[in-house]
A.B. asks: 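Dropping the structure in here first, questions after.
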Amino acid sequence: MDYSTYFTNYSTEEISADLLGRPLTYNDGKRTLGGYIVEAEAYLGKKDRAAHSYGGHRSPANEGLYGRGGTIYIYAQRQYFFFDVATQAKDEPQGVLIRAIEPAWGVEQMISNRSGKNGILLTNGPAKMMQAFGIHDKNWDLHFLSDSPFAIDLNDQHQKRPQEIAKSARIGVNQSELEWANKPLRFFVAGNPYVSRMKKNDYRANNGWQ
DNA sequence: GATTTGATTGTCT
DNA sequence: GACAATCAAATCC
């Protein structure tokens with residue numbers, strides 16, 4: 001399936017859950033870095049109080065959300081960057097935030113990009129993942145996935161399969177609007193140590209993969 | 001292990 | 001000038 005079909009023909013919640021276990025890679029010009037997606041959050045556009053596009057808000061900074069499904073939306077907050085992929089048709093500003101991956105390719109380079117931090121600290125958070133890739137700008141914002149060094153492998157033969165997909169409220173969203181803050185729009189691989197805020201007691205054998 | 005706090009910058013008003 | 005889809009170090013059990 002091509003990116004455009006995958007990120008347009010399914011609901012944003014379905015896409016967020018289905019991405020778990022699929023490889024996300026970034027080519028830094030010399031080598032391929034990346035791993036398996038273990039955590040993703042859905043942001044449901046104009047009606048979603050926690051989304052940057054709530055109420056139809058639109059600016060140069062969040063234009064990526066308004067792109068067609070498969071468009072990259074890179075957002076800056078403080079000194080950190082996040083990696084999102086727009087979902088749904090052009091001008092329907094929904095998207096998926098990739099929050100964490102289980103490192104698999106170019107691990108040594110990613111550790112180096114993270115100043116030597118390794119283990120789960122390498123990629124168990126959205127800004128940590130971007131640091132591991134060595135990204136410190138919005139250069140690839142607004143580009144389509146296939147026209148960028150990023151790749152999400154949609155071949156079912158290449159993905160890991162979660163034992164269980166767990167859901168929870170999204171992390172870090174404004175708690176003043178509880179109806180949206182509490183919606184279970186965060187999807188993660190149950191028991192995978194690279195999921196942000198995963199407790200040791202909840203770790204599962206084989207990192208939660210089948 | 002859980003909770004708190006300071007760092008620090010793009011973006012919008 | 002205020003705030004934010006965070007992180008890491010410090011502190012307190």
Side-chain angles (χ1 to χ4, degrees), chain A residues 7 12-13 15-17 19-20 24 37-67 71-88 92-101 103 110-142 150 166-188 191-204:
Chain A
F7 287 106
T12 303
E13 295 99 309
I15 295 166
S16 304
L19 282 172
L20 301 178
L24 167 66
I37 297 170
V38 295
E39 182 180 1
E41 288 180 352
Y43 285 86
L44 302 186
K46 299 172 185 173
K47 66 185 179 191
D48 183 352
R49 198 61 206 266
H52 292 155
S53 51
Y54 173 68
H57 175 72
R58 189 168 188 166
S59 74
N62 75 354
E63 184 62 28
L65 278 175
Y66 287 82
T71 301
I72 293 172
Y73 169 45
I74 294 179
Y75 177 75
Q77 182 197 42
R78 285 179 157 77
Q79 65 269 52
Y80 304 120
F81 290 91
F82 302 96
F83 179 80
D84 299 45
V85 180
T87 60
Q88 310 310 315
E92 177 55 45
Q94 302 191 27
V96 175
L97 167 68
I98 309 298
R99 284 191 57 91
I101 60 175
M110 291 196 287
I111 292 172
S112 171
N113 290 342
R114 289 271 295 138
S115 313
K117 294 195 190 316
N118 60 11
I120 65 169
L121 293 177
L122 187 57
T123 53
N124 68 338
K128 300 180 192 183
M129 183 185 81
M130 291 295 261
Q131 280 184 9
F133 287 169
I135 294 168
H136 303 285
D137 55 49
K138 291 176 61 173
N139 190 42
W140 297 106
D141 185 38
L142 298 174
F150 292 94
K167 305 181 187 68
S168 80
R170 291 169 292 187
I171 290 181
V173 305
N174 190 326
Q175 295 294 313
S176 62
E177 288 286 339
L178 289 179
E179 182 191 345
W180 280 98
N182 290 335
K183 275 190 189 295
L185 294 175
R186 169 179 178 247
F187 302 84
F188 58 97
N192 186 287
Y194 292 93
V195 172
S196 56
R197 302 188 186 182
M198 179 66 65
K199 298 189 182 105
K200 274 192 180 172
N201 280 344
D202 294 334
Y203 286 6
R204 292 192 185 184

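Convention: sequence-line order gives letters A, B, ...; per-chain numbering from 1.
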A.B. asks: Mind checking if A/Arg186 touches a base, just sugar-phosphate, or nothing, with heavy atoms under 4.0 Å?
C.D. replies: nothing

A.B. asks: In whole angstrom, what separates A/Asp141's CG from B/dG10's P?
C.D. replies: 14 Å

A.B. asks: Can you tell me if the side-chain N/O atoms of A/Arg99 get under 4.0 Å from OP1 or OP2 in C/dT6?
C.D. replies: yes

A.B. asks: Think A/Arg170 forms a cation-pi with A/Tyr43, using NZ or CZ under 6.0 Å from the six-ring centre and within 45 degrees of its axis?
C.D. replies: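 Here A/Arg170 passes the 6.0 Å and 45° test against A/Tyr43.
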
A.B. asks: For A/Phe82, report the nucleic acid contact type (base, sugar-phosphate, nothing); a contact means any heavy atom under 4.0 Å.
C.D. replies: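 Sugar-phosphate contact only.
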
A.B. asks: Base, sugar-phosphate, or nothing: which does A/Arg170 touch, judged by heavy atoms less than 4.0 Å apart?
C.D. replies: nothing

A.B. asks: Counting Watson-Crick and G-U wobble pairs only, both distances under 3.5 Å, name the nucleotide matched with C/dA5, or none.
C.D. replies: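 Looking at the geometry, C/dA5 pairs with no nucleotide.
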
A.B. asks: Which part of the nucleic acid, if any, lies within reach of A/Ala50 when heavy atoms closer than 4.0 Å are counted: base, sugar-phosphate only, or nothing?
C.D. replies: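 The residue A/Ala50 makes base contact.
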
A.B. asks: Using whole Å, report how far CZ of A/Arg197 lies from P of B/dT3.
C.D. replies: 11 Å

A.B. asks: Mind calculating the distance between CZ (A/Phe83) and C1' (C/dT6) to the nearest angstrom?
C.D. replies: 18 Å

A.B. asks: Please report whether the ring centroid of A/His52 lies less than 6.0 Å from that of A/Tyr75.
C.D. replies: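 Under 6.0 Å, so yes.
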
A.B. asks: Rounded to whole Å, how long is the line connecting atom CE of A/Met129 with atom P of C/dA5?
C.D. replies: 17 Å

A.B. asks: Does A/Gln94 reach the main-chain N or O of A/Glu92 with its side chain, forming a donor-acceptor pair under 3.5 Å?
C.D. replies: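 Absent.
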
A.B. asks: Do the side-chain N or O atoms of A/Arg114 get closer than 4.0 angstrom to the phosphate oxygens (OP1, OP2) of C/dA8?
C.D. replies: yes

A.B. asks: Using purine N1 to pyrimidine N3 plus N6-O4 or O6-N4 for Watson-Crick, or N1-O2 and O6-N3 for G-U wobble, both under 3.5 Å, which nucleotide pairs with B/dT8?
C.D. replies: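 Result: none.
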
A.B. asks: Will you find, in the side chains of A/Ser53 and A/Arg58, an N or O donor that is under 3.5 Å from an N or O acceptor?
C.D. replies: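 Note: A/Ser53 and A/Arg58 side chains miss the donor-acceptor criterion.
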
A.B. asks: Please pick, from B/dT11, C/dA4, C/dC7, the nucleotide with the shortest atom-to-atom distance to any side-chain atom of A/Asn174.
C.D. replies: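 Looking only at heavy atoms from C-beta outward on A/Asn174, the closest nucleotide is C/dA4.
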
A.B. asks: Do any side-chain nitrogens or oxygens of A/Lys117 fall under 4.0 Å of OP1 or OP2 in C/dA9?
C.D. replies: yes

A.B. asks: State which of C/dA5, B/dT8, B/dA2 makes the closest approach to the side chain of A/Lys199.
C.D. replies: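 Out of C/dA5, B/dT8, B/dA2, the nucleotide with an atom closest to A/Lys199's side chain is B/dA2.
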
A.B. asks: Between A/Gln79 and A/Lys138, name the one whose nearest nucleotide on DNA chain B is closer to the 5' end.
C.D. replies: A/Gln79

A.B. asks: Between A/Ala61 and A/Lys200, name the one whose nearest nucleotide on DNA chain B is closer to the 5' end.
C.D. replies: A/Lys200

A.B. asks: Rounded to the nearest angstrom, tell me the gap between atom OH in A/Tyr194 and atom P in C/dC7.
C.D. replies: 16 Å

A.B. asks: Judged by atom type as modelled, is there a donor-acceptor pair below 3.5 Å linking the side chain of A/Arg114 to the main-chain atoms of A/Leu121?
C.D. replies: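 Yes; judged by distance alone, with no hydrogens or angles, the pair exists.
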
A.B. asks: Donor-acceptor check, side chain of A/Thr123 to backbone of A/Ile101, threshold 3.5 angstrom: yes or no?
C.D. replies: yes

A.B. asks: Taking atom P of B/dG10 as reference, at what distance in whole Å does atom NE2 of A/His52 sit?
C.D. replies: 16 Å

A.B. asks: Specify the separation, in whole Å, of atom CD of A/Glu39 and atom C1' of C/dT6.
C.D. replies: 13 Å

A.B. asks: With a 4.0 Å cut-off on heavy atoms, is A/Tyr75 in touch with a base, just the backbone sugar-phosphate, or nothing at all?
C.D. replies: nothing

A.B. asks: Send over the distance from A/Ile120 CD1 to C/dC7 P, rounded to a whole Å.
C.D. replies: 12 Å

